[in-house]
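Convention: sequence-line order gives letters A, B, ...; per-chain numbering from 1.
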Amino acid sequence: MQEKYNFAEIEKKWQKIWAQRNAFRVTEDPDKEKYYVLEMFPYPSGKLHMGHVRNYSIGDVIARFKTMNGYNVLHPMGWDGFGLPAENAAIKHNVAPAEWTWSNIHDMQDQLKELGLSYDWEREVATCHPEYYRWMQWIFIQFFNKGLAYKKDSQVNWCPSCQTVLANEQVVEGCCERCGTPVGKKDLSQWYFKITDYADRLLDNMDKLPGWPEKVKTMQRNWIGKSHGALATFDVEGTEDKLTVFTTRIDTIYGTTFMVLAPEYPDVLRWVEGTEYEKPVKEYIDRCAHMSEIERTATTNEKTGVFIGKNAVNPFTHKPMPIYISDYVLMGYGTGAVMGVPAHDQRDFDFAKKFGLEIVPVIDPQDPDVDVNNLTEACAAEGVVINSGEFNGMNNRDAIQKIAEVAKERGIGEPTITYRLRDWLISRQRYWGTPIPMIWCEECGWVPEKEENLPVMLPTDVEFTGKGESPIVTSKTFVDTVCPVCGRPAKREVDTMDTFLDSSWYELRYCDARNTEKVFDKEKVDYWMNVDQYIGGVEHAIMHLMYARFFQMALHDLGLVKDEEPFQNLLTQGMVLKGYTDSDGNYVSAKMSKSLGNVVSPAEIIEKYGADTARLFILFAAPPERELDWSDEGVEGSFRFLNRVYRLVREFIDSFDHPAEEWTIAGEADRKLNYALNYTIKKVTDDVSDRFNFNTAISSVMELVNEMYRYKTGGINEGLYAHAVRTLVVLLTPFVPHVAEEMWEGLGGEGYAYEQAWPAYDPDALVKDTVEIMVQINGKNKAKIDIPGDATREDMLAIAAEHETIRGLTDGKTVVKTIAVPGRLINIVVKG
RNA sequence: GCCGGAGUGGCGGAACUGGCAGACGCACGGGACUUAAAAUCCCGCGCUCCUUACCGAGCGUACCGGUUCGAUCCCGGUCUCCGGCACCA
């Protein structure tokens, strides 16, 4: 062990030894309880940032802690290798996406290794490697064969800048998630996954995930957006056609005074054909079609629309009512048609006001503040049904049930459920992704490539112009092929898969990463899955986490995996922030970003203080799920602490010749040290295993170190002190593994620090002879008394009663009540 | 607007089941060591008041109220901030 804490040499030394020993390789072991800890794998941008360091430090503490507690721990790492930046680099710098990506992967591997993370590198996966995407394609084909993948012509979100289709999830406030350009529309034939088939399971299974943050579950529930309601069918006057609406408020159907359809509603053009309404309706539809998502949502309250010249007949009142089209009705939700109930829906109210339509109240909330016959805004409150024929006088909640039933009896409607969730659009007009292994044959239609021909390799003879469709169409070798069914000439699909597919099953591939025969061995997956602890940023709360759950369920239904849920427990770590001075001169905290100039790079911290300090600070500064304020002074503090520990150990080694860990408690100082030691073991164990409160675990180790510094100024009990020093090093191992190894070696410990058993505490050491008790009078602290640890309530009160201060405060007064909580406090309630 | 989460010293945060509010760290102040500085070690550090000092008193966990012997914690209401969704019928 070196004289000084030379972190650079120490860290290099131990990283090399761990690598040589293959220290973190694991295999299935039926005799050991398994533990699978997984951190979200990174996109190989080339540079590690502090968010990564936080994510992987948290995972590493858990992995090492569980290993030391006897678990067979799977802790893998890999690369989410496909994605747009590689393609942009190809366009900008004329470098092949593969070359750019692999070079980044190698750079980031080095950076990860500098952090001393306990990965089993033999299981590393990269989604852009043919041995990975081969099985991605295989899974796609299984989904296709099961009817989960289908192709559909549809209007899709189109980013004019990225020249690509975006999923709804990738459109943020009407703009492209990546480049911020307002999103437009485009008609394309696209592959979809039927995730909507799993809507109910995705929803219901969340009740079986108590180890997930409520926040994430709520976000997913909202995204799925299950809504109970009813369908109601209206006749369209002067035609044989019918119009079906979805409503959650069938109780208000008598209040319907108009109908509104989405501009894209398919029958509209037919209805207006050859009439005076054809021109204005077509113009309106055209205007909507050319509006970007952002323009459509910008005019949030101002309603627009056009009458289409037809009336619908209310199936209950038999009254005719005008049909409009308006962009506030969305084709993608419900039936694309709504019944306009202005009295009880604000949007309908706004629309009715704008077009001078009738407002008929049908629910009376029986609130003196609300005059239903003279509404100034829609009244959504519950109440009694009025103006509704046979249903008058009912409570509106009951009417929701009853009217749906009656509608069903009369064949004019039925109760139903709708979801906000749409099917998953997976086609991307991009190069750097997994080729969709499908072939178009004029005779046979869409057929999958033969499994023995997988992978369908990404062609390398492509041009990157940044324009138009997928660059793959420029390949001279890729497109033309033969039909796997009939052998006639056929063409390959040129679109690639959304990269979210790649990351929807990587946790399974880690279980059997090198398998060249199968996607993975079921027995191996059954042994390791599901993931006991998944860790990553909350930005993946909806998309990644829901897609991965969908995959797991679909693979379960294919008989490939045992569990229906991939991630048993989820920890969403907070962002790393740093203070900066804004344009108004205020010092504020914000997410690290280049534009704000408040970025701290992991490399510079490792260079200056070492990986152990970086890990320690990041774990100590805040609980993992909360935001973390970066503080340069705080890093200094963590570095100081490691030096303080190092000096303590160094001094011990220099002063004693490897004393045996045998001792008898010789006095008060020994007893105190032994108490502190065992208390710390218990505290760190509880904090790390139950709550992942690494910050308080570390603070308790700091307290132990403070106690040891106090202890060594008195007479040192060699055996006890040796035990304390060694235990201290073991306790620190999961947090600061390099310096812990160095100290462990210096102490002459057997084997390596990382393979030590986690210490157990001695409950007897935690029993105190006397405890300090607070004595309160009327809830106010008045005195502290020492009482025997095993004192009963009566003993406690007797001792307190004799205390001078207490006597002085209670004499001459009536004791109304006394409360005594053993080990904590006494409260004496007095009067007079 | 709807749905989540949070609000504690100068700062990051602690208080685990309703029981001594402010652990630990940072910053700051003082002392020791040193020719000096750095480093290190030790001490102090919520606010207000009383006091030469010791000792002590009052207030204090966003705000108002409630339950309780006792509330940072439970209940009702208000405010602010953060995150997500948002014309979803």
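Atom-to-atom, NZ of A:K782 to P of B:G19 comes out at 21 Å; the value is rounded to the nearest Å. Atom CD in A:E707 sits roughly 16 Å away from atom C1' in B:C41 (whole-Å rounding).
In summary, A:D207 and A:R221 engage in a salt bridge, as defined by a charged side-chain N under 4.0 Å from a carboxylate O. Ion pair A:E651/A:K712 flagged as a salt bridge, since at least one NZ, NE, NH1 or NH2 atom sits closer than 4.0 Å to an Asp/Glu carboxylate oxygen. Contact check on A:R650 versus A:D654 returns a salt bridge, with a Lys/Arg side-chain nitrogen under 4.0 Å from an Asp/Glu carboxylate oxygen.
For the P atom pair drawn from B:G65 and B:A71, the interatomic distance equals 14 Å after rounding to whole Å. Comparing the same atom, C1', in B:C20 and in B:G25 gives a spacing of 22 Å after rounding to whole Å. One C1' atom belongs to B:U35, the other to B:G30, and the distance between them is 22 Å to the nearest Å. The C1' atoms of B:C42 and B:C33 are separated by 11 Å, rounded to the nearest whole Å.
Within 4.0 Å of A:K712, counting heavy atoms only, lies no atom of the nucleic acid at all. No contact: A:P213 has no heavy atom under 4.0 Å from any strand.
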Going 5' to 3' through nucleotides 24-33 of chain B and flagging B where a protein heavy-atom sits under 4.0 Å of the base, S where only the sugar-phosphate is that close, and - otherwise, we get BSSS------

Quick test: give all pairs of protein nitrogen or oxygen and nucleotides 20-22 of chain B nitrogen or oxygen below 3.5 Å, distance rounded to 0.1 Å.
{"from": "B:C20", "atom 1": "O3'", "to": "A:N781", "atom 2": "ND2", "distance (Å)": "3.2"}
{"from": "B:A21", "atom 1": "OP1", "to": "A:N781", "atom 2": "ND2", "distance (Å)": "2.8"}

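A ring-centre distance under 6.0 Å is found for A:Y711 and A:Y721.
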Compile the donor-acceptor pairs under 3.5 Å between side chains in residues 618-625 of chain A and protein atoms, sequence neighbours left out, one pair per line.
none

